[in-house]
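See structure below.
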Amino acid sequence: MRISPSLSISSIMASGSATGSGSLMWFRKGLRIHDNPALEYASKGSAFVYPVFVIDPHYMEPDPTAFSPGSTLAGLNRIRFLLESLVDLDLSLKKLGSRLLVLKGEPSEVVIRCLKQWNVKKICFEYDTDPYYQALDMKVKNYASSAGIEVFSPVSHTLFNPADIIQKNGGKPPLSYQSFLKLAGQPSWASSLLSVSLSSLPPVGDIGSCEISEVPTVRELGYEDYEQDELTPFRGGESEALKRLKESISNKEWVANFEKPKGDPSAYVKPATTVLSPYLKFGCLSSRYFYQCLTDVYKNVKKHTAPPVSLVGQLLWRDFFYTVAFGTPNFDQMKGNRICKQIPWNNDDELLAAWREARTGFPWIDAIMVQLRKWGWMHHLARHCVACFLTRGDLFIHWEKGRDVFERLLIDSDLAINNGNWLWLSCSSFFYQYHRIYSPISFGKKYDPNGNYIRHFLPILKDMPKEYIYEPWTAPLSIQKKSKCIIGIDYPKPVVSHDSASKECKRKLAEAYALNQKLNGQVSEDDLKTLRRKLEGDEIQEPRSKRSRQNPTDLS
DNA sequence: ATACCGTTGTACTG
DNA sequence: CAGTACAACGGTAT
């Protein structure tokens, strides 16, 4: 990593205007120029601005022990998406007469070191509700106030300020979408004027002895022999986000009639949704700008759909989960989570690995897991299918395990939304109708009877006749041979029988719910252990349920 | 205590 | 494609 020569020149020039004050713009999420209140404030009345991004090695550096290429925390697809977003941000800053200063290390330490070395009067960064940033920001704020540096940290990642909604509700977050809507009311902030679009930025000041680099490439980070086939088709960055947004809203009929549950999860050539989630996640796209574009479309059509199913409804779901996550201690785990049902999930690393590695033997499930691995994105309903299958539908494995896999592999993985949806799908919170189980066979079939989606992501099954493609283990051996795919050799047998496994899951959830109700949610680890023993005991007594684990004689 | 509701279940019927 | 039975949860309003 070297110091850019162009920076040295500009820094000499900037330091010439010693009388002006400087500000530090700390980018984390909010990787955009448009509608960026922190950036706007940083540049206002400043002689120079330091736009900083800190690379946290924990997030970026290769971890060879992880189950997929990437760092300890993020898969390669999301790291690449972030780097592309940073390159785009750097280009946009350069067009405005600035540039991105990339530093490396523990972010709060690096930022505090910069504050010590540079002559800045204010530090600006988007407010972040994630516990990780709450902790970092506390350290930075404490230092800044002790040093007499102004801190400006506006809420601009979401439409509403989660703290406001929680306060309105008497200190607790609303737990249903409808009650959230009621509390949120009309999004006045969301309709307010966007931050002015910047035509230029003050130059970067003297960087002293800080080690500044360009945005690194994945190669420079140490991902030399990454697998090309795990390359997501979605490119990161604000420019890409705005292009995608423009394309989406250009079809006014589509925007006006959008109904989330009616989307086709098997559509992959042209996905059934906007695929703006990764851009919202990194703040390449302002949720407020997106909101205003949508309401503009609504104004110009006769009628349009409404929350929860409309596109605006999707943005509000995002705010809903942000609010609940912010107001719920231990939101990302079962233990100590006030809103989470305590359920004696199974520990089965073999079944977990089969799910994660797309070898459950259910083509619909496995194809979705391949799409996750390769694209880092799947349709919302596809996520439902695999999440339900892993947890309450078939495998009865802890939602935290599935959450970890999604968190790593999704390019749009977002603490609040990812955990919120796993809580939802596992019937641990928000949603409790555990008898409604997605069939790993029939759900996909009704959208894609020919199995094109499966054929694309699981090419081993590309010649399987459509009659068998969702249940290839039922195909006669002659058909398997003709399709060049022998079940049990070329493609696995199903790891469970869906009928018996889903029945088992329902029975276990009924027992777990009863225990939660009896103990008023105060379920201890011992209580869970006892229940787990009881459930296993029942299993041994009932020969029928022993079949929940598939064996070859059950096939066909 | 009771009725109604909840972004996105399945399988069957007309 | 819409309507229905199935079986039946917790949260919320009454």
Side-chain angles (χ1 to χ4, degrees), chain A residues 169-170 172-184 257-267 271-274 277 294 304-321 323-324 328 337-343 362 364-365 368 378-389 391-394 417 420-449 470-471 497-523:
Chain A
N169 199 40
K172 281 185 177 175
L175 294 179
S176 77
Y177 188 73
Q178 294 305 328
S179 57
F180 169 81
L181 286 189
K182 233 179 255 177
L183 287 162
N257 297 319
F258 183 91
E259 281 184 67
K260 186 66 166 281
K262 290 196 176 160
D264 175 359
S266 72
T273 53
T274 62
S277 53
L294 293 173
H304 60 84
T305 52
V309 296
S310 65
L311 277 173
V312 160
Q314 305 315 299
L315 278 175
L316 293 169
W317 275 108
R318 179 170 176 270
D319 268 51
F320 168 69
F321 284 126
T323 305
V324 187
T328 308
N337 182 345
R338 185 172 61 79
I339 68 167
C340 181
K341 287 252 181 292
Q342 304 298 303
I343 296 166
F362 290 93
W364 172 245
I365 299 298
I368 295 167
M378 321 87 98
H379 186 275
H380 193 62
L381 287 178
R383 300 183 193 199
H384 277 212
C385 288
V386 294
C388 179
F389 184 86
T391 58
R392 68 180 169 87
D394 291 84
I417 300 168
N421 278 305
W422 276 98
L423 284 164
W424 185 295
L425 260 298
S426 64
C427 279
S428 296
S429 196
F430 309 114
F431 176 82
Y432 306 97
Q433 286 161 272
Y434 57 78
H435 36 84
R436 290 192 186 171
I437 291 173
Y438 291 92
S439 162
I441 295 147
S442 37
F443 188 81
K445 210 186 269 179
K446 73 183 172 200
Y447 296 96
D448 180 15
Y470 284 87
E471 304 165 88
S497 145
H498 173 64
D499 277 351
S500 50
S502 58
K503 271 184 197 128
E504 274 292 282
C505 285
K506 282 187 258 192
R507 189 179 66 83
K508 288 175 178 170
L509 271 175
E511 297 255 17
Y513 271 29
L515 183 68
N516 276 265
Q517 197 175 47
K518 192 178 120 195
L519 300 178
N520 204 15
Q522 302 296 306
V523 181

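So that the names make sense, note that chain A is the first sequence line, chain B the second, and so on, each numbered from 1. Below, each value reflects all heavy atoms present in this structure, side chains not excepted, and no hydrogens, waters or symmetry copies.
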*Please confirm whether A/F430 and A/F320 have ring centers closer than 6.0 angstrom.*
yes

*asked:* Between A/H379 and A/D264, is there a side-chain donor-acceptor contact under 3.5 Å, judged purely by atom types and distance?
replied: no

*Nearest listed nucleotide, side chain of A/W424, among B/dT8, B/dG6, C/dA7*: B/dT8

*asked:* So if I take every side-chain heavy atom of A/P308 and compare against B/dG9, C/dC9, B/dT7, which nucleotide ends up nearest?
replied: B/dT7

*Picking from C/dA7, B/dT7, B/dT10, which would you name as closest to the side chain of A/K446?*
B/dT10

*Is there side-chain contact between A/T391 and A/I343, with heavy atoms separated by less than 4.5 Å?*
no

*May I ask you to verify if any side-chain N or O of A/S442 is less than 4.0 angstrom from the OP1 or OP2 atom of B/dA11?*
yes

*Using the C1' atom in both, what is the distance from C/dA8 to B/dC5, to the nearest Å?*
13 Å

*Starting at the 5' end of DNA chain C, which residue's closest nucleotide do you reach first, A/K182 or A/Y513?*
A/Y513

_C1' gap between C/dT12 and B/dT8, integer Å_ = 22 Å

*Mind checking the C1' distance from B/dT2 to C/dC6? Whole angstroms is fine.*
22 Å

*Residue A/Q517, side-chain heavy atoms: nucleotide from C/dG10, B/dT10, B/dT8 that is nearest*: C/dG10

*Thinking salt bridges, do A/E504 and A/R507 make one under a 4.0 Å N-O criterion?*
yes

*asked:* By nearest atom, which of the nucleotides B/dT7, C/dA7, B/dT10 is closest to the A/S439 side chain?
replied: B/dT10

